[in-house]
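Below: the structure, in structure tokens.
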Amino acid sequence: MIPEEPSDPWTPFIGAVVEGLSTAARTAGLELPTEVALDQLDLEGGPEGDVAFPAHRLAAGARRPPAEVAAAIAGAFPPTDGVRSVHATGPYVNVRVDPTRLIRATLDLVFARGATYGHRPTTGGPVCIEHTSANPTGPFHVGRVRNAILGDTLARAARAAGSHVTTQYYVDDMGRQAAMISWIWAKPRDQWPESVRAADDGRGGEAEKPDRHYGRIYPAVSAYLKEHADAAAEVARVVQQVESGTPPANHREITQQILDGMLASLERLGIRFDEFVWESDFLRDGSVPAVLERMRRSPRAVTEPNGALAIDAAAHGLPKESTHVVVQRADGTSLYVTRDVAYHLQKFGRFARVVDVLGQDHQLHARTLDALLDEIGETRRPEFVIYQDITVPEGGRMSTRRGSAVWLDDLWAEAVARARKEVLARREDLREADVDRIAEAVAAGAIRFHIVRVAPEKPVVFRWEDALSFEGRSGPFVQYSYARAASLLRRSGVEGRTATFEADRLSDPEEVELVRVVAKFPRVVAYTARSGHVQALAGYAHELADQFNRFYHAVPVLKSEGERASRIALVAAVRQTLGNALELLGIVPLETM
RNA sequence: GGGCGCGUGGCUCAGCUUGGAUAGAGCACCGGGUUCCUAACCCGGCGAUCGAGGGUUCAAAUCCCUCCGCGCCCGCCA
């Protein structure tokens with residue numbers, strides 16, 4: 001067995017502390033297995049130590065006062081490599097590690113791992129993360145892009161934590177919505193309903209992004225169809241054509257064009273997909289008919305009065321008014337949920353874990369999907385990551401129909417414009433291309449950070465001034481800190497990877513604290529992947545940048561004497577760690593800004 | 001009516017997974033800091049009965065129950 005290089009600089013210290021606590025407890029006549037000590041250990045420490053052990057529970061078991069137990073353990077703590085001091089504060093045993101050793105262990109690990117510091121080796125089965133999957137009917141609004149940012153960040157974190165991840169975008173080219181688009185565009189413009197023509201105000205033309213071009217009239221078409229049964233019937237025929245494998249000539253092409261336009265918007269945010277799965281594939285390969293056949297055999301299969309096939313899902317506790325889940329219309333066409341069952345069967349065949357990132361309006365869909373999987377005897381289930389809506393200050397979620405949608409492309413344009421202004425205000429030496437490059441990276445960083453910093457289960461109120469903030473708890477603040485570190489390194493003339501240091505030269509409080517923050521990065525990555533709490537990654541990036549800036553103002557680097565090389569090494573480690581954190585957030589680390 | 005989620009300084013959030021010591025940030029506001037490594041920065045100040053009530057516990061923002069408020073969903077749409 002080759003001993004694996006530890007991925008976390010804290011690991012040996014925690015191990016030593018736990019051993020010491022256990023030994024000390026025994027000396028004090030108490031039983032404290034190392035696993036229990038580890039379980040109860042507070043890794044964040046408190047005001048008095050790097051790690052803390054609350055003695056209450058141990059004391060309760062022994063029927064002794066907690067403060068007395070803490071004092072006894074502190075007194076009996078054996079001399080331990082890596083541990084500098086142990087003292088009791090009331091009922092807490094506070095342990096300080098040897099800062100010099102922690103600094104050495106941390107910087108050594110950062111330099112050895114480089115771009116993979118914080119990551120773990122790839123282990124375990126393949127994971128599928130499906131996210132975004134917005135219908136190709138028009139441009140992204142900001143509400144929808146939360147899915148993409150969340151899913152992309154989750155995928156990056158999972159990869160870093162050792163999973164082999166494949167991201168998928170499920171393209172709905174089959175439903176009524178896609179059919180509406182090809183239906184209207186198959187008609188000459190002079191045959192469009194008046195309301196639809198009015199919605200198409202003649203903007204755009206050749207240069208316009210196709211998602212915007214084709215999507216602009218979508219709400220008007222949708223509204224028109226609600227009022228006109230004859231037109232709706234035409235659309236239904238298109239659905240049938242698609243379902244039977246003979247879609248209208250323009251169908252796939254328009255869908256692809258709109259999708260390409262949408263993807264171009266995500267590309268600016270650094271979001272790409274490994275695979276695209278088209279819904280119609282599941283018709284073509286016969287898997288939807290196969291799923292329907294399995295459903296038909298269910299004892300809970302029922303035929304509705306008009307001939308539609310449904311499953312009586314009352315047994316699954318679905319909170320519907322009617323517990324009948326229709327899986328096939330009377331005209332033989334399938335429904336979204338039915339195709340989604342076929343899609344998931346395919347995923348289960350390829351992946352050990354299946355994760356779906358869904359907006360909370362899909363909550364019921366998720367439960368229905370589970371119920372139908374159960375109905376056909378499938379035991380595996382997807383893991384759902386549900387996020388809340390982005391709402392508008394006036395109240396309510398972003399909605400195209402209500403006119404409250406903020407388009408991602410508009411937010412992007414505004415963010416780039418503001419970033420350009422900021423860049424130009426402080427840099428006159430840059431070439432135009434560099435100004436653009438930096439402005440776009442800052443814009444993307446601001447947008448991504450603004451979304452990812454909030455827990456997915458919290459609703460987000462969209463405010464322009466917040467989304468465009470470049471200060472404080474923001475993406476640009478972190479990027480700026482990175483650029484500051486990079487600048488320092490450039491001027492130092494020392495390459496990061498060859499940085500040499502003497503750990504005992506780094507003894508200022510700001511230096512030790514900065515190392516501590518660097519050292520906890522692997523723990524944050526693991527936590528983020530395990531919990532899905534992507535906001536922890538954003539919080540960490542801000543914390544590290546913040547501590548770096550404090551250090552920067554507190555101690556000179558290039559102008560210092562004996563500490564110069566060691567401080568440069570520390571800056572190199574910060575730059576690396578900050579860069580790795582930004583990478584996981586999908587934000588471009590800028591060498592200068 | 002049922003289901004899911006949320007409620008933490010004036011505003012926006014973190015902390016809740018795994019209960020632990022004085023509840024952390026950012027914005028706004030007030031006061032400072034640049035002959036010096038990038039001021040998109042830093043330092044100080046102001047400001048919180050963690051929605052309400054009850055329960056569990058040595059200990060609750062964190063776990064459980066009830067209530068109140070807000071958002072969304074409850075389609076042969078996706």
Check ion pair A:E414-A:R418 (N to O, under 4.0 angstrom): yes
Between B:A78 (P) and A:N147 (CG): distance, integer Å: 18 Å
A:R329 atom CZ, over 12 foreign heavy atoms within 6.0 Å: yes
Table of protein N/O atoms under 3.5 Å from nucleotides 62-65 of chain B N/O atoms:
none

Check: A:D173 main-chain N/O paired with A:H251 side-chain donor or acceptor under 3.5 Å: yes
Touch class at under 4.0 angstrom, heavy-atom based, for A:T592 against every strand present: base
Side chain to side chain donor-acceptor pair (under 3.5 Å) contacts in which one or both residues fall within residues 53-65 of chain A, not counting sequence neighbours: A:R64-A:E68
Protein-nucleotide distance (A:H56, atom NE2; B:C58, atom P), rounded to Å: 12 Å
A:H542 NE2 - B:C41 C1' separation (whole Å): 11 Å
Interatomic distance where CG belongs to A:L578 and C1' belongs to B:C41 [whole Å]: 14 Å
Pairwise 5' ranking along RNA chain B for A:V93 and A:Q177, keeping only the more 5' one: A:V93
Most 5' of A:H365 and A:K226 on RNA chain B, judged by nearest nucleotide: A:K226
Donor-acceptor pair (no angle test) under 3.5 Å: A:N306 side chain, B:C76 base: yes
Pairing partner (Watson-Crick or G-U wobble, both distances under 3.5 angstrom) of B:C50: none
Contact list for RNA chain B against residues 475-485 of chain A - heavy-atom distance below 4.0 Å: A:P476, A:F477, A:Y480, A:A483, A:R484
Sugar-phosphate only, base, or nothing, as touched by A:D546 at under 4.0 Å among non-hydrogen atoms: sugar-phosphate
Any donor-acceptor pair under 3.5 Å from A:D39 side chain to A:E35 backbone: no
Got a list of protein N/O to nucleotides 13-17 of chain B N/O distances below 3.5 Å?
{"from": "B:C13", "atom 1": "OP1", "to": "A:P459", "atom 2": "O", "distance (Å)": "3.4"}
{"from": "B:A14", "atom 1": "OP1", "to": "A:A455", "atom 2": "N", "distance (Å)": "2.7"}
{"from": "B:A14", "atom 1": "OP2", "to": "A:K458", "atom 2": "NZ", "distance (Å)": "2.7"}
{"from": "B:G15", "atom 1": "OP1", "to": "A:Q535", "atom 2": "NE2", "distance (Å)": "3.2"}

Side chain to side chain donor-acceptor pair (under 3.5 Å) partners for A:Y540, two or more places apart: none
Interatomic distance, A:Q388 CD vs B:U12 P [rounded to whole Å]: 16 Å
Touch class at under 4.0 angstrom, heavy-atom based, for A:H362 against every strand present: base
Sugar-phosphate, base or nothing in reach of A:D42, heavy atoms under 4.0 Å: nothing
Phosphate-side-chain proximity, A:R367 and B:C74, N/O vs OP1/OP2 below 4.0 Å: no
Rounded interatomic separation in angstrom, taking CG from A:L309 and P from B:C76: 13 Å
No-hydrogen, no-angle side-chain donor-acceptor test under 3.5 Å, A:D389 and A:T391: no
Sugar-phosphate only, base, or nothing, as touched by A:R339 at under 4.0 Å among non-hydrogen atoms: sugar-phosphate
Complementary nucleotide for B:G9 - Watson-Crick or wobble, under 3.5 Å: none
Pairwise side chain to side chain donor-acceptor pair (under 3.5 Å) hits with a residue in residues 462-471 of chain A, at least two apart: none
A:S474 side-chain N/O to A:F477 backbone N/O, donor-acceptor pair under 3.5 Å: yes
Partners meeting side-chain contact (heavy atoms from CB on, under 4.5 Å) with A:Y170 (sequence neighbours left out): A:E130, A:S133, A:V277, A:E279, A:F282, A:Y336, A:R339, A:D340, A:Y343
Any strand: nucleotide that pairs with B:C77 via Watson-Crick or wobble, under 3.5 Å: none
B:C77 OP1/OP2 closer than 4.0 Å to side-chain N/O of A:R176: yes
Donor/acceptor link under 3.5 angstrom from A:D361 side chain onto base of B:A78: no
Under 3.5 Å on both distances, the Watson-Crick or G-U partner of B:G44: B:C30
Touch class at under 4.0 angstrom, heavy-atom based, for A:L335 against every strand present: sugar-phosphate
B:G15 to B:G19 separation - P atoms, rounded to the nearest Å: 16 Å
Touch class at under 4.0 angstrom, heavy-atom based, for A:G175 against every strand present: sugar-phosphate
Mate of B:C72 where both pairing distances stay under 3.5 Å, Watson-Crick or G-U: B:G3
Counter-base of B:C58, judged by Watson-Crick or G-U geometry with both distances under 3.5 Å: B:G20
Euclidean distance, atom CD of residue A:Q40 to atom P of B:G19 [Å, nearest integer]: 10 Å
Side-chain H-bond candidate by donor/acceptor type, A:Q547 with A:R550, under 3.5 Å: yes
Sugar-phosphate only, base, or nothing, as touched by A:V571 at under 4.0 Å among non-hydrogen atoms: nothing
Sugar-phosphate, base or nothing in reach of A:D173, heavy atoms under 4.0 Å: nothing
Polar side-chain atom of A:E422 near backbone of A:F470 as donor-acceptor pair, under 3.5 Å: no
Contacts of type side-chain contact (heavy atoms from CB on, under 4.5 Å), residue A:T137, not counting sequence neighbours: A:N135, A:Q177, A:I181, A:Y218
A:R575 CZ to B:U38 C1', straight-line distance once rounded to whole Å: 16 Å
A:H553-A:E510 side chain donor-acceptor pair, cut-off 3.5 Å: no
Counterpart residues, ring pair (Phe, Tyr, Trp, His ring centres under 6.0 Å), relative to A:Y527 (two or more places apart): A:H533
Sugar-phosphate, base or nothing in reach of A:V327, heavy atoms under 4.0 Å: nothing
Could you list the donor-acceptor pairs under 3.5 angstrom formed by side chains in residues 442-458 of chain A, with sequence neighbours left out?
{"from": "A:R448", "atom 1": "NE", "to": "A:L585", "atom 2": "O", "distance (Å)": "2.8"}
{"from": "A:R448", "atom 1": "NH1", "to": "A:D152", "atom 2": "OD2", "distance (Å)": "3.0"}
{"from": "A:R448", "atom 1": "NH1", "to": "A:L269", "atom 2": "O", "distance (Å)": "2.7"}
{"from": "A:R448", "atom 1": "NH2", "to": "A:D152", "atom 2": "OD2", "distance (Å)": "2.7"}
{"from": "A:R448", "atom 1": "NH2", "to": "A:T153", "atom 2": "OG1", "distance (Å)": "3.3"}
{"from": "A:R448", "atom 1": "NH2", "to": "A:L585", "atom 2": "O", "distance (Å)": "3.3"}

Under the side chain to side chain donor-acceptor pair (under 3.5 Å) test, residues paired with A:E563 that sit two or more places apart: none
Reading 5' to 3' through nucleotides 29-35 of chain B, protein heavy-atom contacts under 4.0 Å coded B for base, S for sugar-phosphate only, - for none: ----B--
Sugar-phosphate only, base, or nothing, as touched by A:Q547 at under 4.0 Å among non-hydrogen atoms: nothing
